[in-house]
Amino acid sequence: MLGCSGPEASDAVLCQDVIQRLCAGPRCGVVEERLGVKDDCDGTLVARARCAPDDFVFTTPSRDRWLECRAPLVRQGTLRTAVPGCDNVSEVLSSCPDVEAFLKGVR
Amino acid sequence: MRALRGVLVLALAGGCFTVESTSRVERGPLLRSYAQDSTLPGGLEGKVAVDGAVVNFAVTAVQTCRTEQFEEYAEERITERQAKGAGAALASGIAAVLGAGVLAVVSLVVSNAPDVSSIDAAGRYGAAPRQHVQAAAVATGGLGLPALVAGIVGAVQSGVDVVSTKTTQVVSSKERPCNPAGASGLLRLSAANGALLSEQPLDGGTAAVPLAALARPVEAVTLGEQVVQLDQEAQRTLRAATACAQLDARQTGDLSTLGDGQLLRLVESQRGCAPLRRTAPEVTDPSFEAELRRRQLAGHVAAAPTATRATSYDEAVAATAPTLRFAEGSGDLGALDAPEPLSGRAATLRGTIEGALSVNIGVVQVADRQLFLVLPNEPAWSGDFSVGARVEVVGILAGVHTVGPRTLPVLRVVWMRNAF
C-alpha cells in the first residue's frame with residue numbers, strides 16, 4: 001500500500017505546487033527577500049515562471065531538477081495544502097539557484 | 001506465476017504441522033472358540049509295596065496331556081492422525097481468501113480517480129481509492145493463501161486408519177498325566193553318598209528288590225538318567241522298609257551288650273518298621289524301649305537324643321526324661337554343690353542369661369547359682385537369648401568346667417526357649 005501512487009502530475013501542476021508551497025502563509029521572509037514578492041505571491045511567481053498553461057513543460061531547470069529542489073518542501077507532508085517550514089524554504093532557495101532564477105523570471 | 005510459487009513454498013513450509021498419532025485396539029465380537037490338545041514329555045512315577053522280604057517297585061512312564069481352550073476375536077487397530085493447528089489455519093485461510101475476493105470485487109465499484117490533493121516527492125498524485133482497495137485485497141490474499149494451503153495439507157495428513165485383524169488368546173490350559181505305560185530299563189537305588197544299594201531290571205514296569213538290600217536309607221531312585229518320582233505314600237513305605245531292613249540286620253543277643261548309640265538306633269528302627277509289621281514280635285518287643293529308658297534314667301549321655309533329633313521343647317523333655325529341676329526355690333539346686341556325680345543326668349532349668357563367653361557357651365543364673373550352657377553348633381531352636389533374657393532349658397549335665405576365673409557346672413543344651 002505504501003508503494004501505491006497515482007499518475008504523474010503535469011509539469012504545470014508541479015510548478016504551481018512549488019510556488020503554492022513557497023507562498024503558503026505565513027509567508028517566510030526569505031521568499032520576499034530573495035524572490036521580491038509582496039501581496040500576490042502566487043500570481044506573481046506563476047506569471048514569472050509562465051507555468052499557468054496546462055501544456056507547460058520544464059526545460060531549464062528540468063523536471064527532475066525541479067523535483068529534486070522540491071524535496072525539502074514536502075518534508076512536512078505531500079498534501080498540497082501542507083505548509084513547509086521556513087528552514088525548508090531557505091534550503092530550497094539556497095541550494096537551487098537555478099530554481100530561484102527561474103522564479104525570478106530570469107531565462 | 002513467480003508470486004504464486006512463492007506463496008506455495010510458504011504454504012508448504014507452514015504446512016509442516018506436527019502430526020500427532022494415537023493408536024488403540026478395539027476388540028470385536030468372538031468369532032469362534034476351540035480346544036487344542038497336545039502331548040508333552042512327562043516323567044517316571046514310582047509305587048512301592050513291601051511283601052515279606054521283598055520290596056516291589058512299580059515304575060510307570062507317563063506323558064503330560066495338555067488341553068488348551070482358545071478364543072478367536074475380531075480386532076480393529078485404529079490409528080488417528082491429527083495435524084495440530086491445521087483446523088485453525090484452514091479457517092483463517094478461507095476467511096482471508098474470501099475477504100481478499102470481496103475486496104477485489106468491491107474495488108471495481110470504487111473510484112479510480114487519483115488523489116490530486118497530494119503529490120509525492122516523485123511528482124506523482126496520491127493513489128486512487130481503487131488502488132488502495134486492491135492493495136488490501138492482495139495483502140489479505142497474500143496472508144490467507146499460505147494459511148489456506150497449509151490448512152488443506154494438514155487436513156489431508158489428518159485422518160483415521162482402521163486395520164481389521166483376528167487375534168487368538170488362550171483362555172484356559174489344563175494338564176494331566178496321560179498315556180501311562182510300564183517303564184523299562186535298569187532301576188537303581190542309591191544311598192546318600194551315591195553308593196549303589198540295588199540295581200534291578202524292570203520287567204513289565206516292575207522290579208523286586210530284596211528287603212535286605214535297603215539297610216541304608218534310599219536317597220535316589222533312578223531309571224537311566226531320569227529320577228523316578230515317589231509320592232508321599234511311596235516314600236513312607238520305603239522309609240519303613242529301610243527301618244525293617246535295619247531291624248532285621250541287628251545282632252540278636254543281650255541288649256545290655258549294645259552300646260548306647262546302637263540301642264538308640266535299634267529303637268528307632270523298631271519304631272520305623274512298626275507300620276509294616278504291626279504285630280511282628282521284633283516290632284512289638286518292649287524290651288528295647290525299656291532298656292533305653294533305663295539307660296536314660298541312669299544318665300547315659302549317648303542314650304539321649306541330640307538336639308537335632310528333637311523338634312520342640314516338649315519333645316526334648318519327653319526324649320530325655322529329666323530327673324532334676326533347677327529353678328528358683330527348687331530343692332535340686334543344692335545338688336549343684338557337688339555336680340560331678342550328676343554327669344549324664346537330664347535336667348530342666350529356668351533362669352536368666354547372665355552372659356555369653358563364646359558363640360555356643362553362655363552363662364545362666366538360677367537363683368544364687370550359675371551354670372555354663374553349652375549349645376550345639378547348629379541349634380534347631382531360635383529366640384532372644386541376649387543377656388537378661390529369661391529361658392527354659394532342657395539338657396544333660398556334663399561335669400564341671402573352668403573358663404577364666406569361673407568354674408561352673410556344665411549343662412549340654414538339648415532344647416532352649418524363652419519363657420516366663
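First the proteins, then the strands, lettered A, B, ... as listed; each starts at 1.
Against chain B, no residue from residues 25-48 of chain A qualifies, as none has a non-hydrogen atom under 4.5 angstrom away. Residues of residues 64-97 of chain A lying under 4.5 angstrom from chain B, judged on non-hydrogen atoms, are A:Leu67, A:Arg70, A:Val74, A:Thr78, A:Leu79, A:Arg80 by number. Using non-hydrogen atoms only and a strict 4.5 Å limit, no part of residues 62-73 of chain B faces chain A.
Atom CD of B:Gln232 has 12 or fewer heavy atoms from other residues, nucleotides or ligands within 6.0 Å. Atom CZ of A:Arg50 sits in a sparse spot, with 12 or fewer heavy atoms from other residues, nucleotides or ligands closer than 6.0 Å. Summarising the local packing, CG of B:Asp384 is surrounded by more than 12 heavy atoms from other residues, nucleotides or ligands at distances under 6.0 Å.
Minimum heavy-atom separation, B:Pro114 to A:Gly6: CB-CA, 4.5 Å.
Looking at B:Ala122, the atoms closer than 4.5 Å to chain A (heavy atoms on both sides) all sit in the backbone: N, CA, C or O. Residue B:Asp115 does not touch chain A at all, counting heavy-atom pairs closer than 4.5 Å. Looking at B:Val138, there are no atoms closer than 4.5 Å to chain A (heavy atoms on both sides), in backbone or side chain.
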Donor-acceptor list for residues 87-109 of chain B side chains, cut-off 3.5 Å, not counting sequence neighbours:
{"from": "B:Ser92", "atom 1": "OG", "to": "B:Ala88", "atom 2": "O", "distance (Å)": "3.0"}
{"from": "B:Ser92", "atom 1": "OG", "to": "B:Ala89", "atom 2": "O", "distance (Å)": "3.1"}
{"from": "B:Ser107", "atom 1": "OG", "to": "B:Ala104", "atom 2": "O", "distance (Å)": "2.6"}

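The distance from the CD1 atom of B:Ile119 to the CZ atom of A:Arg21 is 7.0 Å, given to the nearest 0.5 Å.
In this structure, B:Gln131 contributes its side chain and A:Ser5 its backbone to a donor-acceptor pair below 3.5 Å.
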